[in-house]
Peer 1: 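The structure that follows is given in the form of structure tokens.
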Amino acid sequence: MAGFVGFLSVAARIETREFAIPFRLRIRMLSKSLCLVLLVFSFSASAVVIRDDVDDARYRVPDAELLALVDLPMEGHGVLIDPRWVITAAHAVTWQSGGVNEVTINHVPRHVERLVLYPGYRKLPQPLIDEALKTHDATQIIAFLSASNDVALLKLSEPVTDVAPIAIYRSNDELGKIVEIVGKGATGTGVRGQDANGAHRTVLRRAFNTITRVQGPWLCYTFHKPPSALPLEGISGDGDSGGPVLIQVNGQWQVAGLVSWKRGTDNAILLHPGFYGQTNYNVRLSHYAHWIDNVMLADKARHGVGAVDGKS
């Protein structure tokens with residue numbers, strides 16, 4: 001929900017000056033002398049922040065750009081990878097106290113029957129958040145997230161017949177590939193950073209970047225400053241966690257990653273995300289392809305019957 005203000009007990013994200021994690025806690029200093037902090041929370045994740053020297057209109061695209069894009073409630077995304085299955089970032093669905101009972105695909109609400117979390121996924125512990133707030137150092141949080149498995153599957157009650165699913169990119173050659181980033185969340189530019197008071201669900205935008213690091217379960221790209229940037233380079237901002245990172249194969253886009261968290265050149269507290277130089281960490285789906293296949297095959301073997309769990 002764009003602009004939602006809450007309390008620490010319901011925070012869904014924490015950000016650091018050169019690091020943004022999927023459970024967001026935006027920190028603003030009100031008084032340097034008294035070290036007062038206003039905690040402003042927004043359940044969010046990531047969308048597209050653009051180059052400062054390129055017209056925003058060049059980044060905007062019609063919804064037909066990716067019909068398989070899934071809108072989670074309020075904000076956040078997923079991707080339709082099978083008529084009955086949506087893949088998303090685990091943190092994008094687990095912050096919601098009532099669970100995700102419905103998603104929207106091609107402007108049509110679809111009922112969710114089942115949530116399956118990757119067995120190794122863990123929510124960020126509150127003590128790590130407290131320590132980062134106290135010390136302005138997110139080193140421990142970065143280590144925690146680097147070892148996390150931020151991926152989940154949503155099974156739909158009925159198969160989607162009006163939208164074709166998108167294939168998972170299964171090769172392990174992502175390094176150096178140009179990727180397309182698609183999302184409807186907050187925007188801004190690399191000079192100003194993300195618009196601090198902007199909505200977290202806007203119009204659909206797409207940008208491009210290059211995978212510069214493949215790190216186990218993560219695909220990473222960095223937001224480069226012109227003239228080093230791609231013509232339509234961008235980075236995720238707030239509002240689209242779980243959204244797709246796409247690689248083109250024989251003229252067709254396949255989903256290679258899911259937006260998860262970001263960091264920059266140090267581990268200090270982030271006051272404003274979206275600047276040039278920040279690096280986005282995305283769930284690497286080739287790393288999880290075997291688990292994804294097993295969950296869907298096991299579900300078919302059970303004739304579609306299964307309880308909400310994280311151990312399938």
Peer 1: Is it true that a side-chain atom of Thr104 and a backbone atom of His107 form a donor plus acceptor pair closer than 3.5 Å?
Peer 2: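 Pair absent, no side-chain N/O of Thr104 close to backbone of His107.
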Peer 1: Are there more than 12 heavy atoms of other residues, nucleotides or ligands under 6.0 Å from atom CD of Gln140?
Peer 2: no
Peer 1: Compare all side-chain heavy atoms of Tyr221 with those of Ser236 and state whether any distance is below 4.5 angstrom.
Peer 2: yes
Peer 1: For Leu232 and Arg58, what are the C-alpha separation, side-chain angles and deciding distance, and is it a side chain to side chain contact (heavy atoms under 4.5 Å, CB included)?
Peer 2: CA-CA 8 Å; Leu232 291 177; Arg58 295 185 59 192; 4.0 Å; yes
Peer 1: Grab the two heavy atoms, one from Ala138 and one from Ala132, that are nearest each other, plus how far apart they are.
Peer 2: CA-CB, 4.5 Å
Peer 1: Is any side-chain heavy atom of Phe144 closer than 4.5 Å to a side-chain heavy atom of Pro125?
Peer 2: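 Side-chain contact under 4.5 Å: yes.
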Peer 1: Assess whether side-chain hydrogen bond (donor to acceptor under 3.5 Å, both in side chains) is satisfied between Gln278 and Thr222, documenting all intermediate values.
Peer 2: CA-CA 6 Å; Gln278 291 180 354; Thr222 299; over 6 Å; no
Peer 1: Could you check if a side-chain atom of Val93 sits within less than 4.5 angstrom of a side-chain atom of Thr88, using non-hydrogen atoms only?
Peer 2: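 Yes; the side chains approach each other to less than 4.5 Å.
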Peer 1: How about CD on Glu158, more than 12 heavy atoms from neighbouring residues, nucleotides or ligands closer than 6.0 Å, or not?
Peer 2: no
Peer 1: Looking at OG of Ser286 and CD1 of Ile168, how far apart are the two atoms once the value is rounded to the nearest 0.5 Å?
Peer 2: 10.0 Å
Peer 1: Measuring from atom NZ of Lys123 to atom OG of Ser148, what distance do you get when rounded to the nearest 0.5 angstrom?
Peer 2: 13.5 Å
Peer 1: Spell out, as yes or no, whether a donor-acceptor pair under 3.5 Å connects the side chain of Ser228 to the backbone of His224.
Peer 2: no
Peer 1: With the threshold set at 4.0 Å, does a side-chain nitrogen-carboxylate oxygen contact exist between Lys225 and Asp52?
Peer 2: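 No, this pair does not count.
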Peer 1: Go through it in stages, so that I can follow the logic: the residues are Ser146 and Tyr281, the test is side-chain hydrogen bond (donor to acceptor under 3.5 Å, both in side chains), and I'd like the CA-CA distance, side-chain angles, deciding distance and then a yes or no.
Peer 2: CA-CA 9 Å; Ser146 296; Tyr281 282 64; 5.9 Å; no
Peer 1: Would you sort out whether Asp293 and Arg170 count as a salt bridge (charged side-chain N to carboxylate O under 4.0 Å, His left out), showing the intermediate values?
Peer 2: CA-CA 11 Å; Asp293 293 341; Arg170 295 172 179 268; 2.9 Å; yes
Peer 1: Salt-bridged, Glu113 to Lys155, with N to O below 4.0 Å?
Peer 2: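 Here Glu113 pairs with Lys155 in a salt bridge, since their nearest N and O are under 4.0 Å apart.
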Peer 1: Between Val203 and Leu66, is there a shared hydrophobic cluster once you connect ILVMFWY residues whose side-chain heavy atoms come closer than 4.5 Å?
Peer 2: no
Peer 1: Of His287, Lys177, Arg284, Arg213, which is the lone residue that meets side chain to side chain contact (heavy atoms under 4.5 Å, CB included) with Leu219?
Peer 2: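 Single pass found, and it is Arg284.
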Peer 1: So how far is it from Gln126 CD to Leu133 CG, rounded to the nearest 0.5 Å?
Peer 2: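 These two atoms lie 8.0 Å from each other.
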Peer 1: Would you say that His91 contacts Tyr121 through its side chain, given a criterion of any heavy-atom pair below 4.5 Å between the two side chains?
Peer 2: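 A side-chain contact under 4.5 Å exists here.
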Peer 1: Asp56 vs Arg60, test: salt bridge (charged side-chain N to carboxylate O under 4.0 Å, His left out). Steps then yes/no.
Peer 2: CA-CA 7 Å; Asp56 178 62; Arg60 298 189 181 200; 2.6 Å; yes
Peer 1: Would you compute the distance between atom CD1 of Ile142 and atom CG of Leu128 and round it to the nearest 0.5 angstrom?
Peer 2: 11.5 Å
Peer 1: Apply the side chain to side chain contact (heavy atoms under 4.5 Å, CB included) test between His77 and each candidate in Leu72, Asp71, Val70; give the one that qualifies.
Peer 2: Asp71
Peer 1: Between CG of Leu69 and CD1 of Ile105, what distance do you get to the nearest 0.5 Å?
Peer 2: 9.5 Å
Peer 1: Please give me the minimum heavy-atom distance between Pro244 and Val79, naming the atom from each residue.
Peer 2: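 Where Pro244 meets Val79 most closely, the heavy atoms are CB-CG2, 3.6 Å.
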Peer 1: I'd like to know if Leu230 and Ile235 are part of one continuous hydrophobic network [Ile/Leu/Val/Met/Phe/Trp/Tyr, side-chain heavy atoms within less than 4.5 Å].
Peer 2: yes
Peer 1: Strictly below 4.0 Å, N to O, side chains only: are Arg84 and Asp82 in salt-bridge contact?
Peer 2: no
Peer 1: Is there a donor-acceptor contact under 3.5 Å from the side chain of Lys184 to the main chain of Arg205?
Peer 2: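 Checking the backbone N and O of Arg205 against the side chain of Lys184, no donor-acceptor pair under 3.5 Å is found.
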Peer 1: Is there a side-chain contact between Trp85 and Asp299 (heavy atoms, below 4.5 Å)?
Peer 2: yes
Peer 1: Answer yes or no: is there a donor N or O on one side and an acceptor on the other, between the side chain of Asp137 and the main chain of Thr139, under 3.5 Å?
Peer 2: yes
Peer 1: Could you give me the CA-CA distance, side-chain angles and deciding distance for Val86 and Ile81, then say whether side chain to side chain contact (heavy atoms under 4.5 Å, CB included) is met?
Peer 2: CA-CA 6 Å; Val86 170; Ile81 58 169; over 6 Å; no
Peer 1: Checking Phe223 against Lys262 for the side chain to side chain contact (heavy atoms under 4.5 Å, CB included) test, could you report, in this order, the C-alpha distance in whole Å, the side-chain angles of both residues, the deciding distance, and whether it holds?
Peer 2: CA-CA 11 Å; Phe223 193 15; Lys262 68 173 69 69; over 6 Å; no
Peer 1: Got a second to check how far Met296's CE is from Ile87's CD1, nearest 0.5 Å?
Peer 2: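 These two atoms lie 8.0 Å from each other.
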Peer 1: Looking only at non-hydrogen atoms, find the nearest pair between Ser260 and Val283 and report the distance.
Peer 2: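 Reported closest heavy-atom pair: CB-CG2, 4.1 Å.
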Peer 1: Under 3.5 Å, is there a donor-acceptor pair linking the side chains of Asp150 and Tyr118?
Peer 2: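 No, no side-chain donor-acceptor contact under 3.5 Å.
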Peer 1: Evaluate side chain to side chain contact (heavy atoms under 4.5 Å, CB included) for Leu153 paired with Tyr288, printing each intermediate quantity in order.
Peer 2: CA-CA 11 Å; Leu153 286 163; Tyr288 295 98; over 6 Å; no
Peer 1: Within a strict 4.5 Å, meaning less than it, do heavy atoms of the Trp218 and Asn282 side chains meet?
Peer 2: no
Peer 1: For Val160 and Asp162, work out which heavy atoms get closest and say how close.
Peer 2: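 It is CG1-OD1, 3.3 Å.
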Peer 1: With the 4.5 Å side-chain cut-off for hydrophobic clustering, are Leu175 and Val249 part of the same group?
Peer 2: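 Looking at the clustering, Val249 is in the same group as Leu175.
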Peer 1: Do Val182 and Leu204 have side-chain heavy atoms sitting under 4.5 Å apart?
Peer 2: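 In short, these two side chains touch, coming nearer than 4.5 Å.
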Peer 1: Might you point out which heavy atoms bring Pro73 and Val100 nearest each other, and give the distance in Å?
Peer 2: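 In terms of heavy atoms, the two residues are closest at CD-CG1, 3.8 Å.
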Peer 1: Classify the side-chain pair Tyr59/Thr187 by whether it contains a donor and acceptor separated by less than 3.5 Å.
Peer 2: no
Peer 1: Measure across Val54 and Pro231 and return the closest heavy-atom pair with its distance rounded to 0.1 Å.
Peer 2: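 Looks like CG2-O, 3.7 Å.
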Peer 1: For residues Leu80 and Ile166, determine if any side-chain heavy atom of one lies less than 4.5 Å from a side-chain heavy atom of the other.
Peer 2: no
